[in-house]
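One-based numbering, in listed order, for ligands and for the atoms of each.
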Amino acid sequence: MYHLDFRSDRSMDLVGIGRLCIDLNADQFNRPMEETTSFTKYVGGSPANIAIGAARLGLKSGFIGKVSDDQMGRFIQQYLKENNLDVSGLSLDDTGAVTGLAFTEIKSPEECSILMYRDNVADLKLDTSNVSEEYIRQTKALLISGTALAASPSREAVFLALDYAKKHGVVVFFDLDYRAYTWNNEQETAIYYNLIAEKCDVIIGTREEFDMMEQFESFRQDDHQTAQKWFHYAAEIVVIKHGEAGSIAYTKEGKSERSGIFKTKVLKTFGAGDAYASSFIYGLMNGWELNRAMEFGSASASIVISKHSCSEAMPTVEEIQTFLKTSRKE
Ligand SMILES: Nc1ncnc2c1ncn2[C@@H]1O[C@H](COP(=O)(O)OP(=O)(O)O)[C@@H](O)[C@H]1O
Ligand SMILES: O=C(O)C[C@@H](O)[C@H](O)C(=O)COP(=O)(O)O
């Protein structure tokens with residue numbers, strides 16, 4: 001099957017590190033944002049969505065991140081507390097930085113985009129002094145999200161968190177989460193992504209994100225070649241997501257599983273990956289077979305893309321189980 005050693009003597013299950021932002025999702029959808037007159041505010045940020053999803057599933061979830069010293073930063077902290085996440089790993093920015101805003105445009109269920117306002121954001125001011133070895137030592141798993149590598153000092157904070165995780169036998173998940181607007185260029189992104197991926201136990205990304213990472217290879221790799229590449233390093237599991245075409249996962253032990261999707265009435269497509277990741281991680285942490293964890297992730301993704309938000313829409317175990325009873329995978 002696969003070998004992931006989630007240590008039972010840890011007080012936390014999953015700690016995320018990286019972006020905490022605000023999603024402002026258009027209230028008037030199926031039209032361009034130019035015609036939108038109001039938005040609904042949710043906590044966002046891919047790693048935050050995944051950590052919230054994990055907490056919604058009952059995992060003891062925490063977060064290492066920096067929030068702005070204003071109403072938005074306090075909204076984020078309050079929401080995480082209300083959703084049973086441990087917030088002792090959060091730090092408050094004192095430089096006047098702001099909270100990143102993700103305006104979402106829902107032109108149609110298939111045509112969604114995100115307009116990011118991320119100048120001088122607090123999340124990228126996370127620094128090594130905000131990363132506690134003791135905090136990381138107490139978790140079973142660490143979730144790294146690629147965008148946290150986009151700028152210093154956040155970049156160095158993530159590398160330090162990864163070193164602490166490896167030192168203390170913490171299983172490391174790397175969700176690639178590539179957002180081009182946050183980076184100077186793809187070459188720089190690939191350099192830092194590769195340095196992190198080489199030490200991670202589970203790597204989750206879309207085909208396009210792996211292509212970006214593997215751009216220095218002499219040829220474009222297929223899914224199997226991608227997985228084999230990372231098995232030469234620390235990876236035990238590599239998951240390649242293919243949107244409506246589902247996902248495929250490979251294990252270092254030579255197993256591979258494909259998962260289809262659950263057709264649903266799609267309101268917006270973003271949030272799929274975060275929902276998939278949180279529920280897939282939940283399955284692995286419960287020792288499930290790969291295909292069962294992937295199915296759980298796919299079901300969670302379908303639930304979230306049928307709703308207006310990402311974080312707020314993250315389902316409970318019961319909601320996913322009910323969904324699975326009434327749905328058929330395609
Ligand atoms: N239109 C859809 N209908 C149902 N499930 C979907 C749809 N799009 C994505 N998913 C599910 O969500 C997973 C992640 O979506 P994907 O778009 O590949 O990643 P990301 O959201 O990170 O870009 C897919 O592997 C699939 O299981
Ligand atoms: O990650 C962000 O900064 C924006 C997210 O908060 C937003 O909900 C989103 O884009 C999630 O989509 P996904 O990462 O593709 O699942």
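Every atom of ligand 2 with a heavy atom of Ala272 under 4.0 Å away is listed here by number and element: 16 (O). In summary, the atoms of ligand 2 found under 4.0 Å from a heavy atom of Gly44, numbered by their order in the structure, are 6 (O). Residue contact check: Cys21 has heavy atoms under 4.0 Å from atoms 3 (O) of ligand 2. Heavy-atom proximity to Phe270, at under 4.0 Å, picks out these atoms of ligand 2: 10 (O), 12 (O).
The N/O atoms of Asp274, backbone and side chain alike, include one that comes under 3.5 Å of an N/O atom in ligand 2. Polar contact check, Gly45 against ligand 2: a nitrogen or oxygen pair lies under 3.5 Å apart. Of the N or O atoms in Gly271, one or more lie within a sub-3.5 Å distance of an N or O in ligand 2. Between Gly273 and ligand 2, a contact under 3.5 Å exists for at least one N or O pair.
Looking only at atom types and distance, the side chain of Ser298 has a donor-acceptor partner in the side chain of Ser259 under 3.5 Å away. A donor atom on one side chain and an acceptor atom on the other are found under 3.5 Å apart for Tyr192 and Arg155. In summary, the side chains of Ser38 and Gln28 do present a donor paired with an acceptor at a separation below 3.5 Å, with no hydrogens or angles considered. Using a 3.5 Å distance cut-off with no hydrogens or angles, the side chains of Thr264 and Ser302 do not pair a donor with an acceptor. Side chains of Gln138 and Ser11: a donor on one and an acceptor on the other come within 3.5 Å. Side-chain contact, Ser46 with Asp274: a donor N or O sits under 3.5 Å from an acceptor N or O. Side-chain atoms of Tyr79 and Glu312 form a donor-acceptor pair, as typed in the model, at a separation below 3.5 Å.
The nearest protein atom to atom 9 (C) of ligand 2, hydrogens excluded, is given as Ile114 CD1, 3.7 Å; this is a heavy-atom distance. Nearest non-hydrogen protein atom to atom 7 (C) of ligand 2 is Asp23 OD2, 3.5 Å. Closest protein heavy atom to atom 4 (C) of ligand 2: Met116 CE, 3.5 Å. Summary of contacts: the protein heavy atom closest to atom 14 (O) of ligand 2 is Arg179 NH2, 2.5 Å. With respect to atom 1 (O) of ligand 2, the closest heavy atom belonging to the protein is Arg19 NH2, 2.5 Å.
Neither the backbone nor the side chain of Ala48 comes within contact range of ligand 2; no heavy atom lies under 4.0 Å. Contacts between Asn49 and ligand 2 below 4.0 angstrom, taking non-hydrogen atoms only, involve the side chain exclusively. Residue contacts with ligand 2 for Ser46 involve both N, CA, C or O and side-chain atoms from C-beta outward (heavy atoms, distance under 4.0 Å).
Phe29 does not carry Lys268 over the face of its six-membered ring by the limits of under 6.0 Å from the centre and within 45° of the normal.
Every side-chain contact (heavy atoms from CB on, under 4.5 Å) that Ala102 has, sequence neighbours left out, goes to Cys21, Asp23, Ile114, Met116. Looking at residues two or more places apart in sequence or on another chain, you find a side-chain contact (heavy atoms from CB on, under 4.5 Å) between Gln221 and Glu214, Glu217, Phe219, Gln225, Thr226, Lys229. Residues satisfying the ring pair (Phe, Tyr, Trp, His ring centres under 6.0 Å) test with Phe323, not counting sequence neighbours, are Phe262.
Ring geometry, Phe296 versus Tyr282: the interplanar angle falls under 30°, so the pair is classed parallel (tilted spans 30 to 60°).
Thr147 contributes atom OG1, which lies 3.5 Å from atom CG of Asp177 (distance to the nearest 0.5 angstrom).
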Nitrogen or oxygen contacts under 3.5 Å, ligand 1 side and protein side:
residue: ligand 1; atom: 18 (O); partner: Gly243; partner atom: N; Å: 2.7
residue: ligand 1; atom: 21 (O); partner: Gly273; partner atom: N; Å: 2.9
residue: ligand 1; atom: 22 (O); partner: Lys241; partner atom: NZ; Å: 2.7
residue: ligand 1; atom: 25 (O); partner: Gly246; partner atom: O; Å: 3.0

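For Phe174 and Tyr193, the distance between ring centers is under 6.0 angstrom.
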